[in-house]
2 protein chains.
Amino acid sequence: MALSEAILVCLTDRPMSGYDLAKTFDASIGFFWRASHQQIYRELGKLREKGFVKSQEIAQSGKPNRIVHTITPAGAEAVKVWSSKPGRMPSVKDELFVKFYALGSVDMDALKDHLTIRIDQHQTKLSKYRKIQDRYYSGEDQSLNHAGKRIILEMGIKEETSRIEWLQAAMFEITKLEQAGN
Amino acid sequence: MALSEAILVCLTDRPMSGYDLAKTFDASIGFFWRASHQQIYRELGKLREKGFVKSQEIAQSGKPNRIVHTITPAGAEAVKVWSSKPGRMPSVKDELFVKFYALGSVDMDALKDHLTIRIDQHQTKLSKYRKIQDRYYSGEDQSLNHAGKRIILEMGIKEETSRIEWLQAAMFEITKLEQAGN
DNA sequence: TGTGTTTATGCAACGAATTGCATATTCTGA
DNA sequence: TCAGAATATGCAATTCGTTGCATAAACACA
């Protein structure tokens with residue numbers, strides 16, 4: 001499982017609380033590996049048991065105390081071991097395809113609506129990526145870590161752009177089918 | 001959950017045994033909704049309980065008996081209800097991205113190997129899609145069900161093609177980074 | 001003064017998915 | 001003739017993921 005590694009990778013950048021991690025997953029690494037805050041808290045517990053992170057409570061007046069997690073040398077080692085092994089193909093699960101597979105049994109107007117929604121969602125994602133790219137990745141930072149994040153943003157932008165294109169092509173095709181009177 | 005619907009959709013084409021379904025998931029609908037045989041058998045049990053499929057055992061001499069599942073009117077109705085509701089965005093989980101996110105902490109040669117493997121896997125998928133397209137979807141069948149399957153094949157081909165392109169672009173970029181001596 | 005949002009953490013229950021095992025027979029090739 | 005693949009089904013255990021709930025305080029706004 002790569003959730004634990006994704007967390008360790010985040011903690012390599014800087015020590016974080018579970019809350020910080022949840023926000024990071026929402027805003028950057030989570031574009032490529034989704035996780036909810038409950039998953040993150042549970043996984044942090046496991047990482048602590050394995051000795052891959054150290055956790056220390058920091059008292060805050062007023063707000064609840066923060067528990068800040070730091071990656072240990074054993075954790076860094078675990079990241080290295082993981083990164084040297086090839087991962088598995090991401091498993092596809094897309095309801096929209098299944099609906100197309102059953103085109104004869106679905107309501108065509110509803111399907112067109114769903115297609116429109118999906119295109120919108122991908123466009124939202126795309127503009128989010130572009131904003132981040134403009135804000136943080138148009139500069140001159142040449143470090144490896146920065147370069148890696150720049151590259152996945154570029155990949156994400158290409159992925160979303162092509163998705164939008166072929167979803168629009170699919171929309172065109174089913175509209176044509178409808179007009180043909182099937 | 002759409003696994004149950006994916007199964008029902010398959011059974012709309014023709015009655016099948018669990019084994020047939022597992023093979024169908026391996027060879028066609030599973031390109032867009034992966035499922036193992038254990039998942040399928042368990043789900044078939046649930047569908048039977050709900051009355052969405054009827055199952056009848058067919059004696060076979062020698063081989064173990066086949067249990068053939070047929071969709072019921074209630075099952076067909078369930079497909080309709082499901083298809084009218086918008087699905088959720090497929091959740092992304094790709095280790096390769098996570099490795100790029102941690103570019104400073106991973107072994108670059110290993111990462112390049114993994115990239116090569118992934119490009120190969122997508123190329124394999126692509127040529128599988130193209131073969132199916134040539135064999136079954138280059139003809140004149142104008143039925144809706146046929147058209148839907150043709151469209152998802154086209155979408156799949158576009159998806160894989162663009163994936164291969166940007167994975168190669170990523171390979172080019174990290175090679176460039178390496179040569180720059182970072 | 002109250003309502004809602006943000007920060008901050010976590011349990012409990014359930015449902016989904018994976019992994020490993022188990023059985024039993026036919027057919028194919030070495 | 002013997003090994004192994006393909007056909008055919010399924011249980012059990014574990015892990016992963018989601019949903020709903022719970023707590024607790026600061027702060028912004030109306």
Side-chain angles (χ1 to χ4, degrees), chain A residues 1-8 10-11 15-27 29-30 32-50 53 55-69 82 87-95 98, chain B residues 1-7 10 15-27 29-30 32-50 53 55-69 82 87-95 98:
Chain A
M1 225 265 309
L3 173 57
S4 54
E5 283 85 4
I7 290 173
L8 290 173
C10 289
L11 296 180
M16 287 192 227
S17 69
Y19 191 78
D20 291 336
L21 280 165
K23 274 197 300 178
T24 304
F25 270 79
D26 250 37
I29 199 173
F32 315 106
W33 196 281
R34 286 216 137 279
S36 64
H37 71 114
Q38 289 88 344
Q39 261 178 286
I40 290 166
Y41 282 116
R42 195 166 12 139
E43 203 63 35
L44 278 170
K46 285 185 202 166
L47 289 171
R48 196 166 38 229
E49 272 173 38
K50 285 185 197 161
V53 302
S55 312
Q56 59 181 138
E57 201 162 347
I58 291 179
Q60 297 190 125
S61 55
K63 294 178 196 175
N65 292 345
R66 283 166 61 81
I67 298 172
V68 174
H69 310 276
W82 159 77
R88 46 170 63 182
M89 280 277 272
S91 80
V92 191
K93 295 229 154 146
D94 196 329
E95 285 191 52
V98 180
Chain B
M1 228 266 309
L3 171 58
S4 55
E5 282 85 4
I7 292 174
C10 289
M16 287 192 227
S17 69
Y19 191 78
D20 290 337
L21 279 165
K23 275 196 300 177
T24 304
F25 270 80
D26 251 35
I29 199 171
F32 315 106
W33 194 282
R34 284 215 139 282
S36 63
H37 69 114
Q38 290 86 348
Q39 262 177 286
I40 290 166
Y41 282 116
R42 190 159 18 110
E43 203 63 36
L44 279 171
K46 284 185 203 168
L47 289 170
R48 195 166 37 230
E49 273 173 38
K50 284 185 197 162
V53 302
S55 312
Q56 60 182 135
E57 204 162 345
I58 292 178
Q60 297 189 125
S61 55
K63 295 180 195 176
N65 291 344
R66 286 166 58 82
I67 299 171
V68 174
H69 310 276
W82 158 77
R88 45 172 63 183
M89 278 279 271
S91 82
V92 190
K93 296 233 153 140
D94 196 329
E95 285 191 51
V98 179

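None of the values given here were measured: they were computed from a predicted structure. Here is how names work: the chains are called A, B, and so on, in the same order as the sequence lines, proteins then strands, and each is numbered from 1.
Remark: B:Glu5 engages B:Ala2, B:Trp82 in a side chain to side chain contact (heavy atoms under 4.5 Å, CB included) (not counting sequence neighbours). Residues satisfying the side-chain hydrogen bond (donor to acceptor under 3.5 Å, both in side chains) test with B:Ser55, not counting sequence neighbours, are B:Arg48, B:His69. Under the ring pair (Phe, Tyr, Trp, His ring centres under 6.0 Å) criterion, B:Phe25 pairs with no residue, sequence neighbours left out. Legend: residues meeting side-chain hydrogen bond (donor to acceptor under 3.5 Å, both in side chains) with B:Ser4, ordered by chain and number and at least two apart, are absent.
OP1 or OP2 of D:dG10 has not a single side-chain nitrogen or oxygen of B:Tyr41 nearer than 4.0 Å.
To the nearest angstrom, P of D:dA8 lies 14 Å from CD1 of B:Ile40. Regarding A:Gln56, its CD atom lies at a distance of 16 Å from the P atom of C:dA8, rounded to whole Å.
Taking SG of B:Cys10 as the start and NZ of B:Lys23 as the end, the distance is 13.0 Å to the nearest 0.5 Å. Here the CD1 atom belonging to B:Ile7 is positioned 4.0 Å from the CG atom belonging to B:Leu3, to the nearest 0.5 angstrom. Note that NZ of A:Lys46 and CZ of A:Arg42 are 6.0 Å apart. Values are rounded to the nearest 0.5 Å.
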### Message
Walk along nucleotides 11-21 of chain C from 5' to 3' and tag each nucleotide B, S or - by protein heavy-atom contact under 4.0 Å, base first, then sugar-phosphate.
### Response
B----SBBBB-
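Within residues 19-27 of chain A, the residues that place at least one heavy atom under 4.0 Å from DNA chain C are, in residue-number order, A:Tyr19.
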